[in-house]
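Worth knowing before you read on, the calculation uses all heavy atoms, side chains too, and leaves out hydrogens, waters and symmetry mates. In what follows, residues are counted from 1 in the order of the sequence shown.
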Amino acid sequence: KVMESYTVLPMRFCTVAETADEIIAFLEKNSRELKNELKDMDGKVEVDIKILWTDMKKIYGEIGRENKKIRELKAKGAQNRQALIHAGELVATALEEKKAVESEEYLKPLKKAAKAFKENEPNADEMVAHCSFLVDKGWLKEFDNVVEELGEEFKDRVRIHYVGPMAPFSFVNL
């Protein structure tokens, strides 16, 4: 509710002031930095986007079809444990490469609709990308439309998790 009328600068989690005097001292000591941050973040919000593959069996199948060495090692795997381990390592590398290629395709229109973005580390095999975007409040509807279009275009391949608008946690470090 506050964000509707004011610019909000988030603090790090677990930042606690014991007294009002501590808060005043912090504001006085950091007034220049705070004013600059307020100016930079004025009228902007953060949106968090996670893009996830919907069918990992299909993705792993594509990797196997695209990589002859993996196919050969998997064929040998029934008799050779080391070949199977090596095939697994190649699959993991190929999965990361596939994420890099596909994430660029998915993120390109989102990057154009945002003021800034930060890439976060995907934390699951099915997570193609995880990014935070800094968006002008006036462009939020446009950004939403881009996300919807992207979701519709690739609905058979990925699902998009969208969180926001929220304070610019990824873009302010106080």
Side-chain angles (χ1 to χ4, degrees), residues 3 8 10 12-14 40-41 43-174:
M3 285 175 34
V8 175
R12 280 190 214 134
F13 287 109
C14 299
D40 290 346
M41 294 300 130
K44 297 175 186 78
V45 293
E46 181 173 328
V47 175
D48 188 67
I49 300 285
K50 292 179 184 173
I51 301 174
L52 300 102
W53 281 310
T54 56
D55 185 351
M56 287 306 294
K57 186 175 179 181
K58 179 180 176 181
I59 299 301
Y60 287 123
E62 289 173 8
I63 288 171
R65 287 188 298 280
E66 294 165 358
N67 192 310
K68 183 179 177 184
K69 184 72 173 166
I70 291 172
R71 286 193 309 274
E72 291 171 357
L73 287 168
K74 286 174 87 175
K76 290 180 187 177
Q79 299 93 17
N80 184 339
R81 178 174 155 75
Q82 203 58 30
L84 200 55
I85 291 170
H86 186 52
E89 292 167 348
L90 291 176
V91 167
T93 299
L95 185 64
E96 291 307 310
E97 290 169 1
K98 191 172 207 55
K99 282 181 183 185
V101 169
E102 286 194 30
S103 70
E104 188 55 39
E105 180 180 2
Y106 302 138
L107 297 175
K108 191 175 183 179
L110 297 173
K111 290 176 184 178
K112 287 180 182 178
K115 288 286 185 188
F117 74 95
K118 290 204 175 182
E119 292 189 50
N120 304 308
E121 196 64 37
N123 57 9
D125 283 350
E126 67 272 6
M127 190 177 295
V128 181
H130 179 198
C131 288
S132 301
F133 294 89
L134 187 65
V135 180
D136 256 317
K137 286 181 185 179
W139 282 84
L140 196 54
K141 184 64 178 157
E142 177 67 28
F143 189 87
D144 292 350
N145 290 340
V146 172
V147 173
E148 281 185 40
E149 289 169 10
L150 194 64
E152 186 58 34
E153 181 179 353
F154 295 103
K155 68 182 175 193
D156 294 332
R157 189 158 184 87
V158 297
R159 67 184 183 280
I160 300 174
H161 290 213
Y162 181 114
V163 177
M166 58 189 163
F169 292 98
S170 299
F171 301 93
V172 175
N173 188 16
L174 299 175

task: Using modelled atom types only, decide if a donor and an acceptor are shared between the side chain of K137 and the backbone of P165 within a distance under 3.5 Å.
output: no

field: Salt-bridge present (R157, E105; N to O < 4.0 Å)
entry: no

field: W53 side chain near E102 side chain, heavy-atom distance below 4.5 Å
entry: yes

message: Show, in sequence, the C-alpha distance, side-chain angles and deciding distance for I51 and L107, and conclude whether the side-chain contact (heavy atoms from CB on, under 4.5 Å) test is met.
response: CA-CA 9 Å; I51 301 174; L107 297 175; 4.0 Å; yes

query: Between CG of D40 and NZ of K115, what distance do you get to the nearest 0.5 Å?
result: 11.5 Å

statement: To the nearest 0.5 Å, atom NZ of K50 lies from atom CD1 of I160 at 13.5 Å

task: Begin from the C-alpha positions of L110 and C131 and carry the test side-chain contact (heavy atoms from CB on, under 4.5 Å) through to its verdict.
output: CA-CA 10 Å; L110 297 173; C131 288; over 6 Å; no

query: Restricting to pairs with a member in residues 138-149, which pass side chain to side chain donor-acceptor pair (under 3.5 Å), not counting sequence neighbours?
result: D144-Y162

statement: Heavy atoms of A167 and M3 approach each other most closely as N-SD, 3.3 Å

field: Side-chain heavy atoms of K111 within contact of E104, under 4.5 Å
entry: yes

query: Which value, rounded to the nearest 0.5 Å, describes the distance between E153 atom CD and L150 atom CG?
result: 6.5 Å

task: Give every residue pair that meets the ring pair (Phe, Tyr, Trp, His ring centres under 6.0 Å) criterion with at least one member in residues 97-136, sequence neighbours excluded.
output: Y106-F154, F133-F143

message: Are T54 and D156 packed together at the side-chain level, in the sense that at least one heavy-atom pair is separated by less than 4.5 angstrom?
response: no

task: Would you name the heavy atoms of V135 and A114 that are closest together and state the gap between them?
output: CG2-CB, 4.3 Å

statement: F171 and K118 have their tightest heavy-atom pair at CE2-CG, 3.7 Å

Reported NZ-to-OG distance for the pair K98 and S103, which is rounded to 0.5 angstrom: 12.0 Å

message: Keeping K99 on the side-chain end and D125 on the backbone end, is there a donor-acceptor pair under 3.5 Å?
response: yes

message: Within the structure provided, determine whether L95 and M56 are in side-chain contact (heavy-atom separation under 4.5 Å).
response: yes

statement: Nearest heavy-atom approach of M41 to V172 is CG-CG2, 3.6 Å

Separation between CZ of R159 and CD of E126, rounded to the nearest 0.5 Å: 6.5 Å

